[in-house]
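Chain identifiers are assigned alphabetically (A, B, ...) following the order of the sequence lines, protein sequences preceding nucleic acid strands; residue numbering begins at 1 within each chain. Note that this is a predicted model, so its numbers are computed, not measured.
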Protein chains: 2
Amino acid sequence: MATEDSKLTVRAVERALDLLLCFTDDSDLSLTELSGRVGLHKSTVHRLLASLEGKGFVRRDPASERYRLGYRMWELSANLSQDDEPAVILLPEMERLRDLLGETVSLYVRDGLERIRVQAVQSSQAIRRVAPVGARLPLHVGASGKVLVAFGAAELRQELLASEVWSDAGQREAFERQLEETKRAGYATSLEERETGAAAVAAPIFNRAHRMVAALAVSGPINRLSADKMGEDAAFIMEAAKRMGKMLKP
Amino acid sequence: MATEDSKLTVRAVERALDLLLCFTDDSDLSLTELSGRVGLHKSTVHRLLASLEGKGFVRRDPASERYRLGYRMWELSANLSQDDEPAVILLPEMERLRDLLGETVSLYVRDGLERIRVQAVQSSQAIRRVAPVGARLPLHVGASGKVLVAFGAAELRQELLASEVWSDAGQREAFERQLEETKRAGYATSLEERETGAAAVAAPIFNRAHRMVAALAVSGPINRLSADKMGEDAAFIMEAAKRMGKMLKP
DNA sequence: AACAAGGTTTCACTCTTTGAAACGAGAGGC
DNA sequence: GCCTCTCGTTTCAAAGAGTGAAACCTTGTT
């Protein structure tokens, strides 16, 4: 890939943010590790880290001298969940749906060519789908991925289909067919697409301006969520999604 | 103040982080607002925001076109609470203390010349101290501030006393006396120092290497937490703090 | 239609960032 | 005790990257 839009962004900033993103995989890292991770010279990384540390985005563990995310991140993350965030507003409704169906309920929003699980309530059953909030997942596998693409902007669909995520043309064409099916049915399903033994049903949530803002997903083990069962549950999920859409701000 | 260590940090990165910090006050901001806030030219801010947006740290509300924190922040904040974080490990003990005393319990760590409330469990009483997690507060007022300074590094104490936070020398000297009293007693109290009608008792939490890692505070309305009552509660709080210290990782 | 108020892009100047290399500071090993 | 290896920090010259004024575009308003 070429330099693309070399003028429109600031390289040093992007590099610093790449450093921050290293901490999604590991909680603490040394300078040399970070340097290797992002492929930059030690001195460059050191300078960038000093800037991050100065603003409190990164700190050094007093004992190990290793770098970790700083407390400014705690401060910022506390302000993430504003009252107008779907992840906050829809939580009670998600709990109701969880209690109704007995399975784990998740809420996804799209971010670029990926999706983020911004909220989740776990099933209380012994065998259940565990869904950590904050997880970033691909858009081209899973029920909510299909929903987010099928009911999203046409440009997104083009961009995803033209991207490099497909193992072969067959996979891409199968996905395209599933998109059509999703638009027709109003919901999507997935059987062991991303995790073996796991199944999911997902439906779009539209705000009052008829724009899709999130995907609501119910997921669990395949022996409880058979194809038939998912078809039945879909009605409840779509109804809940409709109700949720009316609760949103804009 | 002069340019200080002009060579050791990266200006563009610091500016970008300043932009991110603007979102602790407001959930969404326009380019012009941000530009005014940080005192930089629109085009500069635009370029920095493009970099932040490209990495997902900032996004634009599709409806209002205004900037907000992006979903990468959700992802990162989900990874903040590692299993070795005091804020996570100590939560059950904090709940026990809350049930024992019936008042709001908070956990603070120092960050620079400030402190962050990294965890809190609210009292269940109708009149109670509300303590949002993530809040950044000054070090020179409040019971936990005194604890964090009194039992912290000597350099920190020097730095704080030499800083510009004091309204007059009398205030600073009173604070120094309270530090001595705190070290002697093993805990600190505050009566309406930061918020009128609020009182607090705080004790240090030391890890097994005898380094102070956090301050444990119990706070409530001044009519329930009289000076006498605080003295009695202090024993429970110090005992809880001691127990908590043994639960920490390093 | 003309205007105003954001937001976006261009462009020349130069200041800032960059990475190699030198320097320090510990931690083991011999 | 000395040497060596590794990791973090600072220095420095070269140039590439960031900066902000200004022009441009887009959208909504009078």
Side-chain angles (χ1 to χ4, degrees), chain A residues 1-20 22-23 26-55 57-70 153 155 209 211 250, chain B residues 2-20 22-23 26-55 57-70 155 209 211 250:
Chain A
M1 54 187 82
T3 18
E4 296 186 69
D5 45 0
S6 44
K7 295 278 168 51
L8 305 175
T9 57
V10 180
R11 192 182 56 168
V13 171
E14 293 183 312
R15 289 176 164 183
L17 298 178
D18 284 337
L19 285 174
L20 275 183
C22 290
F23 293 98
D26 297 275
S27 65
D28 57 343
L29 294 160
S30 73
L31 174 69
T32 313
E33 282 168 345
L34 281 162
S35 169
R37 206 71 79 93
V38 297
L40 292 172
H41 198 275
K42 277 194 304 177
S43 77
T44 303
V45 174
H46 182 257
R47 234 175 304 114
L48 294 171
L49 284 172
S51 314
L52 289 165
E53 192 182 4
K55 296 288 175 187
F57 283 78
V58 144
R59 74 192 144 108
R60 321 185 58 163
D61 190 276
S64 64
E65 287 278 285
R66 293 163 67 82
Y67 290 93
R68 338 185 102 214
L69 288 177
E155 300 85 57
R211 209 181 58 77
Chain B
T3 18
E4 296 186 70
D5 45 0
S6 44
K7 297 276 169 51
L8 305 175
T9 57
V10 179
R11 192 182 56 169
V13 171
E14 292 183 313
R15 289 175 164 184
L17 298 178
D18 283 338
L19 285 174
L20 275 184
C22 290
F23 293 99
D26 297 275
S27 65
D28 57 344
L29 294 160
S30 73
L31 174 68
T32 313
E33 282 168 346
L34 281 162
S35 169
R37 206 69 81 91
V38 297
L40 293 172
H41 198 274
K42 277 193 305 176
S43 76
T44 303
V45 174
H46 182 258
R47 234 175 304 113
L48 294 171
L49 283 172
S51 314
L52 289 165
E53 192 182 4
K55 296 287 175 188
F57 284 78
V58 144
R59 76 194 141 107
R60 321 186 59 164
D61 191 275
S64 64
E65 286 278 286
R66 291 163 69 82
Y67 290 92
R68 337 186 102 215
L69 289 176
E155 301 84 56
R211 208 180 60 75

Rounded distance (Å) that lies between atom [atom2] of [N] and atom [atom1] of [X]:
| X | N | atom1 | atom2 | result |
| --- | --- | --- | --- | --- |
| Leu29(A) | dC7(D) | CG | C1' | 15 Å |
| Leu49(A) | dT10(D) | CG | P | 13 Å |
| Leu40(B) | dG18(D) | CG | P | 15 Å |
| His41(A) | dC7(D) | NE2 | P | 14 Å |
| Glu14(A) | dG16(D) | CD | P | 19 Å |
| Glu65(A) | dA25(C) | CD | C1' | 11 Å |
| Arg66(A) | dG26(C) | CZ | C1' | 17 Å |
| Leu8(A) | dT19(D) | CG | C1' | 14 Å |

Practice task
Identify whether any heavy atom of Arg60(B) sits under 4.0 Å from a base atom; if not, whether one sits that close to sugar-phosphate; answer base, sugar-phosphate or nothing.
Solution key: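 The answer is sugar-phosphate, as Arg60(B) gets under 4.0 Å only of primed atoms, P, OP1 or OP2.
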Exercise for the section: Remember a base hit wins even if backbone is also touched, and classify Thr44(A) as base, sugar-phosphate or nothing at under 4.0 Å, heavy atoms. Expected result: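 Touches a base.
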Practice task
Show your reasoning for whether side chain to side chain contact (heavy atoms under 4.5 Å, CB included) applies to Asp61(A) and Asp28(A).
Solution key: CA-CA 8 Å; Asp61(A) 190 276; Asp28(A) 57 343; 5.8 Å; no
Handout entry: Donor-acceptor pair present, Ser43(A) side chain and dG19(C) base, under 3.5 Å
Key =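 In this structure, the two groups form a donor-acceptor pair.
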Handout entry: Polar side-chain contact Arg47(A)-dG19(C) base: donor and acceptor under 3.5 Å
Key =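 Yes, a donor-acceptor pair under 3.5 Å.
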Handout entry: Residues Asp26(A) and Arg37(A) bridged, charged N to O under 4.0 Å
Key =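 Here Asp26(A) pairs with Arg37(A) in a salt bridge, since their nearest N and O are under 4.0 Å apart.
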Problem - Main-chain N/O of Leu40(A) paired to Ser35(A) side chain as donor or acceptor, under 3.5 Å - result: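 Flag set: sc Ser35(A) to bb Leu40(A) pair under 3.5 Å.
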Practice task
Please check if the side chain of Ser51(A) supplies one atom and the backbone of Val10(B) the other of a donor-acceptor pair under 3.5 Å.
Solution key: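 Checked: pair present.
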Every protein N/O lying under 3.5 Å from an N/O of nucleotides 23-29 of chain D:
none

Handout entry: Rounded distance (nearest 0.5 Å) linking atom CG of Leu29(B) with atom CG of Leu49(B)
Key =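 With rounding to 0.5 Å, CG (Leu29(B)) is 9.5 Å from CG (Leu49(B)).
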Taking all heavy atoms of [X] and all of [Y], pick out the closest pair and write down the distance.
| X | Y | value |
| --- | --- | --- |
| Leu8(A) | Arg47(B) | O-CG, 3.4 Å |
| Cys22(B) | Val38(B) | SG-CG1, 3.8 Å |
| Phe23(B) | Leu34(B) | CZ-CD1, 4.1 Å |

Practice task
Take Glu33(B) and Arg66(B) through the side chain to side chain contact (heavy atoms under 4.5 Å, CB included) test and state the conclusion after the steps.
Solution key: CA-CA 10 Å; Glu33(B) 282 168 346; Arg66(B) 291 163 69 82; 3.0 Å; yes
Problem - Phosphate contact (dT9(D) OP1 or OP2) by His46(A) side-chain N/O below 4.0 Å - result: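 Yes.
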Exercise for the section: Respond yes when some side-chain nitrogen or oxygen of Thr32(B) is under 4.0 Å from OP1 or OP2 of dG7(C), and no when none is. Expected result: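 For dG7(C), OP1/OP2 do have a side-chain N/O of Thr32(B) under 4.0 Å.
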Practice task
On DNA chain D, check which nucleotide each of Leu31(A) and Arg15(B) is closest to and give me the residue with the more 5' one.
Solution key: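 Counting from the 5' end, the first nearest nucleotide belongs to Leu31(A).
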Handout entry: Qualifying residue, where the test is side-chain contact (heavy atoms from CB on, under 4.5 Å) with Phe57(B) and the options are Glu53(B), Lys55(B), Arg59(B)
Key =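 The single option meeting the side-chain contact (heavy atoms from CB on, under 4.5 Å) with Phe57(B) is Lys55(B).
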Handout entry: Candidate nucleotides dG18(D), dA22(D), dG8(D), ranked by approach to the side chain of Arg11(A) - the nearest
Key =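 In terms of side-chain proximity for Arg11(A), the closest of dG18(D), dA22(D), dG8(D) is dG18(D).
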Problem - Five-pair end axes of the helix from dA1(C)-dT30(D) to dC30(C)-dG1(D) and the angle they enclose, rounded to 10° - result: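 The angle separating the two end axes equals 30°.
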